[in-house]
Amino acid sequence: ILGNLSYHSIPIDTEADSLYSYQEKACLVQLTTERGNAVLDPLRAPEGIAALGPLLADPAVLKVFHGADYDLRQLKKAFGFAVCHIVDTMIAAQLVGRERFGLSALLEEHLGVRLDKRYQRADWSRRPLGPELLAYAAADTAHLHALAERLSGELSGLGRLGWAEEEFRHLEQVEPSAPRAPSCLE
């Protein structure tokens with residue numbers, strides 16, 4: 001999976017309002033292509049999100065995430081998307097033995113890129129989103145491709161590429177959690 005990263009790969013991230021809403025919703029989908037960064041707004045333009053479905057399901061296009069589990073649950077729950085052919089830089093970092101595997105720490109260590117994480121807990125459902133929030137969101141995918149390439153080399157050098165690929169295949173099966181039904185004993 002990781003052997004030949006190219007721009008047949010699309011770094012992807014999502015933002016939701018889970019800190020501000022009981023029934024969280026996907027508020028943004030960010031991606032990076034060879035043309036640059038894009039931030040899609042399903043709250044303002046849900047019709048634009050539908051076009052992502054075939055791309056995310058296409059096994060010929062590698063989807064690069066960091067901490068994919070949550071994003072995959074959001075994409076499936078909110079839009080019904082199946083996501084095939086996944087790489088997760090957080091899992092890759094764990095498999096090469098990184099103790100700090102947050103996106104910000106990895107980008108600084110591997111690429112010398114410092115992310116401003118001050119908007120990490122923003123209410124992504126509020127509109128309009130200012131330019132600083134949009135820039136923050138776009139930055140989450142801007143360097144994932146390069147990070148995945150670096151980690152791929154490390155995994156290969158350690159003989160752990162197969163381990164990573166197995167974990168990435170498991171991610172394709174992630175399903176949104178069903179709401180927990182109340183118990184009579186509670």
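FYI, the numbering just counts along the sequence from 1. Excluded from the calculations below are hydrogen atoms, water molecules and symmetry mates; all remaining heavy atoms, backbone and side chain alike, are included.
Under the 4.5 angstrom side-chain criterion for Ile, Leu, Val, Met, Phe, Trp and Tyr, Tyr22 has no cluster partners at all.
Within the 4.5 Å cutoff, the side chain of Leu129 has heavy atoms near those of the Trp124 side chain. Between Val61 and His8 the shortest side-chain heavy-atom distance does not fall below 4.5 Å. Leu171 places a side-chain heavy atom less than 4.5 Å from the side chain of Ile91. A 4.5 Å side-chain heavy-atom check between Leu31 and Pro11 finds every atom pair outside the cut-off. Side chains of Phe81 and Gln74 form no contact here, defined as non-hydrogen atoms less than 4.5 Å apart. The side-chain heavy atoms of Tyr136 and Arg118, taken from C-beta on, include no pair separated by under 4.5 Å. With a 4.5 Å cut-off on side-chain heavy atoms, Asp88 and Asp69 do not count as touching. The shortest distance between side-chain heavy atoms of Glu154 and His110 falls below 4.5 Å.
To the nearest 0.5 angstrom, Arg100 atom CZ is 14.0 Å from Gln94 atom CD. Note that CZ of Arg150 is 10.5 Å distant from CG of Leu107, once rounded to the nearest 0.5 Å. The CD atom of Glu24 sits 9.0 Å away from atom CG of Leu19, with the distance rounded to the nearest 0.5 Å. How far CG of Asp140 is from CD1 of Ile12: 13.0 Å, rounded to the nearest 0.5 Å.
In this structure, Tyr70 is not a member of the same hydrophobic cluster as Ile10, with clusters built from ILVMFWY side-chain heavy atoms closer than 4.5 Å.
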With side-chain contact (heavy atoms from CB on, under 4.5 Å) as the test, would you mind laying out the steps for Cys84 and Asp58 before giving the verdict? CA-CA 6 Å; Cys84 302; Asp58 186 347; over 6 Å; no

For side-chain contact (heavy atoms from CB on, under 4.5 Å), just list the numbers for Leu72 and Phe65, CA-CA rounded to whole Å, side-chain angles, deciding distance to a tenth of an Å, and then say yes or no. CA-CA 9 Å; Leu72 294 169; Phe65 291 88; 3.9 Å; yes

Val29/Phe79 under side-chain contact (heavy atoms from CB on, under 4.5 Å): CA gap, chis, key distance, verdict: CA-CA 11 Å; Val29 178; Phe79 313 113; 4.1 Å; yes

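The ring of Trp163 has its center no closer than 6.0 angstrom to the ring center of Phe168.
The one candidate from Asp41, Asp123, Leu43 that meets the side chain to side chain contact (heavy atoms under 4.5 Å, CB included) condition with Cys27 is Leu43. No option in His66, Lys63, Glu149, Gln30 other than His66 meets the side chain to side chain contact (heavy atoms under 4.5 Å, CB included) test with Leu144.
Salt bridge status for Arg73 with Glu175: absent, with no side-chain N to carboxylate O gap under 4.0 Å.
Under the 3.5 Å distance criterion, with hydrogens and angles disregarded, a donor-acceptor pair is assigned to the side chains of Thr14 and Asp71. Side-chain atoms of Thr32 and His145 form no donor-acceptor pair, as typed in the model, at a separation below 3.5 Å.
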